[in-house]
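Chain naming here is simple, since letters A, B, ... match the order of the sequence lines and numbering starts at 1 in each.
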Amino acid sequence: MRIATWNINGVRARIDGAVAWVRDAAPDVLCLQEIKSADEAFPREAFEDLGYNVETHGQKGFNGVAILSKLPIDEISRGLPGDDEDVQARFIEAVFSVKGGAIRVASLYLPNGNPVGSEKLTYKYGWMDRLEAYARAHLAAEETFVMAGDYNVIPEPEDARHPENWRDDALFQPETRQRFRRLLNLGLTDAFRACTTEPGHYSFWDYQAGAWQRNNGIRIDHHLLSPPAADRLVSAMIDKRTRGWEKPSDHVPVVIELDV
DNA sequence: ATGGCTGCAGGATGCAGA
C-alpha cells in the first residue's frame with residue numbers, strides 16, 4: 001500500500017501537475033495539504049476520473065486538507081480534536097479496510113507558527129499538543145495508523161541545507177523540535193528517517209532566491225507511523241521530480257510503501 | 001537585503017506562506 005503526502009499549495013492552480021503526478025505515481029492513498037479551496041470548489045472530478053474517492057476538509061482562500069483513495073473509505077472525520085474554537089481546516093482522517101484489519105490515515109497541515117513570539121507560534125504549540133493527545137489515544141488502542149502531512153517542523157540539523165538560517169524560525173525552534181521528538185518518544189516512527197540516515201534529503205524549497213537551483217531545502221513533510229504500521233514499512237521516498245515541473249508547488253510528494 | 005515568489009480574494013493590493 002502506497003501512502004503519499006503532498007502540500008500542493010493550491011489544488012486549483014496545480015491541477016494539471018497534480019493529475020499528472022497521481023497518474024504516474026499511482027498512490028493508493030494521497031494526503032493533500034494547502035488545497036486553498038472550499039469543498040465545493042475542489043476539482044474532485046479530475047481525481048475521480050482516475051479512480052479515486054475524494055474527501056476534503058476545505059476552507060476558502062487558504063489552509064485545507066484532503067484524502068484521496070483508491071480504496072473505499074470506511075470512516076471519515078474532519079478536524080483535530082481538542083479545541084472546538086479552532087476553525088482552521090488542517091486535519092482530516094480516514095479509515096480503510098486492509099487484509100490484516102484496518103488502517104487509519106490522517107492528512108494534517110500543522111501550523112507554520114511564524115513569526116517567533118507571535119500568537120501564531122502559540123497556536124502551533126497548542127496544535128502540536130493536541131496532536132500528541134490524538135496520537136496517545138490511538139496508540140493506546142494499538143491501532144495501525146499513519147499521520148502524514150506538512151508538519152512545518154525541521155526535526156534535525158541534517159534536515160536543512162543551511163540549518164543556521166532557520167535558527168530564529170518557528171520551524172526549527174527548540175520547543176517545536178521538542179514537541180516533534182515527543183511524538184517520536186511515544187513510539188511513533190519517522191518513516192523516511194527509518195529508511196535512511198543520509199543528510200541532504202528535502203521536501204520543500206522556497207520559491208525565492210533560487211532555493212531549488214541551490215538545493216537550499218528543508219525536510220518538513222513527514223509520515224509518522226504507529227508501531228504496527230512501522231512493522232509493515234517497506235520503503236520511503238521523496239519525489240523531487242515535481243519541483244522542477246512548470247508551476248510547481250514549493251513542496252514535493254513524499255511516498256511510503258507499507259506491506260498491508 | 002528590505003521576503004528576492006506564489007496563490008487567493010476580488011477586482012487593487014493585502015494576506016499568508018516557510
Side-chain angles (χ1 to χ4, degrees), chain A residues 5-19 21 31-43 46 56-66 86-91 107-125 127-128 131 148-177 179-180 192 200-222 238 240 242-254:
Chain A
T5 183
W6 192 8
N7 180 321
I8 194 73
N9 190 18
V11 67
R12 286 169 292 166
R14 217 74 65 200
I15 188 61
D16 291 346
V19 165
W21 184 81
C31 300
L32 293 176
Q33 300 88 36
E34 273 204 279
I35 61 175
K36 295 187 176 179
S37 171
D39 292 330
E40 58 271 22
F42 188 95
T56 63
H57 182 36
Q59 176 174 356
K60 192 175 181 176
F62 56 106
N63 297 332
V65 288
D86 186 359
V87 297
Q88 299 193 32
R90 296 179 173 276
F91 188 92
S107 174
L108 65 93
Y109 177 42
L110 209 149
N112 173 309
N114 279 308
V116 169
S118 69
E119 290 197 0
K120 291 182 177 182
L121 189 53
T122 306
Y123 173 64
K124 177 177 193 160
Y125 292 158
W127 208 95
M128 294 185 83
L131 187 63
D150 176 0
Y151 278 73
N152 273 315
V153 175
I154 302 167
E156 300 293 339
E158 56 266 35
D159 296 311
R161 177 73 176 81
H162 295 295
E164 68 278 11
N165 291 353
W166 298 92
R167 192 192 58 192
D168 298 325
D169 194 283
L171 280 62
F172 199 53
Q173 287 303 291
E175 295 88 344
T176 299
R177 297 175 57 202
R179 281 176 170 81
F180 188 81
F192 187 81
H201 292 280
Y202 312 126
S203 65
F204 168 91
W205 295 261
D206 200 286
Y207 288 123
Q208 303 179 73
W212 167 244
Q213 289 76 9
R214 297 165 187 237
N215 194 26
N216 178 12
I218 50 178
R219 191 177 71 91
I220 56 175
D221 299 273
H222 311 298
I238 298 174
K240 290 169 64 172
T242 62
R243 191 61 179 79
W245 291 2
E246 288 291 309
K247 285 178 67 72
S249 170
D250 39 10
H251 297 249
V252 300
V254 185

**Q** So what does D150(A) hit on the nucleic acid, given a heavy-atom distance under 4.0 Å: a base, only sugar-phosphate, or nothing?
**A**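 Here D150(A) touches the backbone only, sparing every base.
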**Q** Could you tell me whether E164(A) atom CD has more than 12 heavy atoms of other residues or ligands within 6.0 Å of it?
**A** yes
**Q** Would you kindly give the CD1-to-C1' distance between I15(A) and dG7(B), to the nearest whole Å?
**A**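 About 15 Å, once rounded to whole Å.
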**Q** Would you call the rings of Y151(A) and F180(A) parallel, tilted or perpendicular, where under 30° means parallel and over 60° means perpendicular?
**A** perpendicular
**Q** What integer distance in Å separates Q33(A):CD from dG7(B):P?
**A**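 Nearest whole value for this atom pair: 18 Å.
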**Q** Just how far, in rounded Å, is P of dG4(B) from CZ of R214(A)?
**A** 15 Å
**Q** Take atom P in dT13(B) and the same atom in dA1(B), then report the distance between them in whole Å.
**A** 29 Å
**Q** Using a 4.0 Å heavy-atom cut-off, does D206(A) contact any base of the nucleic acid, only the sugar-phosphate backbone, or nothing at all?
**A** base
**Q** Compute the ring centroids of W6(A) and W21(A), then answer whether they are less than 6.0 Å apart.
**A** yes
**Q** Output all residues satisfying side-chain contact (heavy atoms from CB on, under 4.5 Å) with N9(A), sequence neighbours left out; order by chain, then residue number.
**A** N7(A), R14(A), E34(A), K36(A), Y207(A), S249(A), D250(A)
**Q** Quick check: on DNA chain B, is the nucleotide nearest G210(A) upstream (toward 5') of the one nearest G10(A), or the reverse? Name the residue that is more 5'.
**A** G210(A)
**Q** Using atom NE2 of H251(A) as one end and atom C1' of dC5(B) as the other, report the distance to the nearest whole Å.
**A** 13 Å
**Q** When you measure from the side chain of R219(A) to the backbone N and O of G200(A), does any donor-acceptor pair fall under 3.5 Å?
**A**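 Not confirmed, R219(A) side chain does not pair with G200(A) backbone.
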**Q** What is the distance from CG of D169(A) to P of dG17(B), rounded to the nearest Å?
**A** 12 Å
**Q** Using atom C1' of each nucleotide, how far apart are dC15(B) and dG10(B) to the nearest Å?
**A** 13 Å
**Q** Please identify each residue that fulfils side-chain contact (heavy atoms from CB on, under 4.5 Å) with N63(A), with sequence neighbours left out.
**A**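 Residues passing side-chain contact (heavy atoms from CB on, under 4.5 Å) with N63(A): Q59(A), Q88(A), R90(A), Y109(A).
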**Q** Have a look at A13(A) and say if it touches a base, only the backbone sugar-phosphate, or nothing, with a 4.0 Å heavy-atom cut-off.
**A**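 Touches sugar-phosphate only.
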**Q** Quote, to the nearest angstrom, the P distance that separates dA12(B) from dT2(B).
**A** 32 Å
**Q** Could you tell me how far apart D250(A) (CG) and dC5(B) (P) are, to the nearest whole angstrom?
**A** 14 Å
**Q** Of Q208(A) and N112(A), whose nearest nucleotide on DNA chain B comes first from the 5' end?
**A**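 With Q208(A) and N112(A) compared, the 5'-side residue is Q208(A).
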**Q** How close or far is atom P of dC8(B) from atom CG of N9(A), stated in whole angstroms?
**A** 8 Å
**Q** Any base atoms under 4.0 Å from D168(A), or only sugar-phosphate, or nothing? Heavy atoms, all strands.
**A**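 Nothing, no nucleic acid heavy atom in range.
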**Q** Return the polar atom pairs (N/O with N/O) between nucleotides 9-16 of chain B and the protein under 3.5 Å, or none.
**A**
| residue | atom | partner | partner atom | Å |
| --- | --- | --- | --- | --- |
| dA9(B) | OP1 | G61(A) | N | 3.4 |

**Q** Select base, sugar-phosphate, or nothing to describe what Y109(A) touches, counting heavy atoms under 4.0 Å on all strands.
**A** sugar-phosphate
**Q** For the side chain of R243(A) and the backbone of W205(A), is there at least one donor-acceptor N/O pair under 3.5 Å apart?
**A** yes
**Q** Verify side chain to side chain donor-acceptor pair (under 3.5 Å) between N114(A) and D169(A), making sure each step is shown before the conclusion.
**A** CA-CA 7 Å; N114(A) 279 308; D169(A) 194 283; 3.0 Å; yes
**Q** What is the distance, rounded to the nearest whole Å, between atom CG of N7(A) and atom P of dG7(B)?
**A** 13 Å
